[in-house]
Protein chains: 2
Amino acid sequence: MKGIKTIASDGTITITPDPVAIEPLLTPAEVATMFRVDPKTVTRWAKAGRLSTVRTLGGHRRYREAEVRSLLAFGEQKRVQ
Amino acid sequence: MKGIKTIASDGTITITPDPVAIEPLLTPAEVATMFRVDPKTVTRWAKAGRLSTVRTLGGHRRYREAEVRSLLAFGEQKRVQ
DNA sequence: CGTCATTAGGGTAATTTGGGTA
DNA sequence: CCTGTCCAAATTACCCTAATGA
């Protein structure tokens, strides 16, 4: 069950979007690998406000995949010397 | 229909045929997906009292969707360009 | 009645945080 | 200004078996 549709005993019907599709997140290590930098550097970007973060209840950071990919795509553009 | 139909901003559709509202619950796997952590980590949060839990008669944990979403939003930081 | 994915447990690696420094 | 590294403490991930849920 992926939490798409639930029917309570009282007849309540709840349709919930797939949690996976709501907001794909990346770990610090994954972002670091994508940018070919140290995870610590990614943390500094987050601290500086260059990257938005979602925190786990334990304080670890998670990064939005869409935002990271967008930043990566921008950097991949060829620049004229 | 005698029921009440509500559509949340996140797309969740709730049809309640009775004035009594039933709280939507999430499985450990769903909460883990939303936070991008292991399901066992969600269990640790519950043990530590950081998440309120609803137990099935068999001992499995269920989590309140509203609480999970509010915790996710709380840690969000906006990007400063 | 079985079937199979998920969860609860517990234990042990791996990762992340934060500060300070190069 | 930006990045990599060392450190200790905290958090999270992965391993297993047995039980629960759908």
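Letters go in sequence order (proteins before strands), and every chain restarts at 1. Computed over heavy atoms, backbone and side chain alike; hydrogens, waters and symmetry mates excluded. Keep in mind the model is a prediction, meaning the values are calculated, not measured.
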*Which listed nucleotide (D/dG21, C/dG19, C/dT16) is nearest to the side chain of B/Arg62?*
D/dG21
_Looking only at the side chain of A/Asp38 (C-beta and beyond, no hydrogens), which of the listed nucleotides D/dT5, C/dT15, C/dT6 gets closest?_
D/dT5
*NA contact type, A/Arg61, heavy-atom cut-off 4.0 Å: base, sugar-phosphate, or nothing?*
sugar-phosphate
*Are A/Lys47 and C/dT16 close enough that a side-chain N or O sits under 4.0 Å from OP1 or OP2?*
no
*asked:* Any side-chain N or O of B/Thr41 below 4.0 angstrom from OP1/OP2 of D/dA13?
replied: yes
_Please determine whether a side-chain nitrogen or oxygen atom of B/Thr43 lies at a distance below 4.0 Å from atom OP1 or OP2 of C/dG9._
no
*Rounded off to whole Å, could you give me the CG-to-P distance for the B/Leu57 and D/dA22 pair?*
11 Å
*Side-chain N,O (A/Thr56) to OP1/OP2 (D/dT11) below 4.0 Å*: no
*Picking from C/dT7, C/dT15, D/dG4, which would you name as closest to the side chain of A/His60?*
C/dT15
*Taking OP1 and OP2 of D/dT12, is either one under 4.0 Å from a side-chain nitrogen or oxygen of B/Trp45?*
yes
*Considering only side-chain heavy atoms of B/Arg44, which listed nucleotide, D/dA13, C/dT7, D/dG4, is closest?*
D/dA13
*With distance as the sole criterion, is a donor-acceptor pair present between the side chains of A/Arg62 and A/Thr56 under 3.5 Å?*
no
*Distance-only donor-acceptor test (3.5 Å): side chain B/Lys40, base C/dG11*: no
*Looking at B/Arg50, does any N or O in its side chain come under 4.0 Å of the phosphate oxygens OP1/OP2 on D/dT11?*
yes
*Determine whether more than 12 heavy atoms belonging to other residues, nucleotides or ligands lie under 6.0 Å from atom CZ of B/Arg55.*
yes
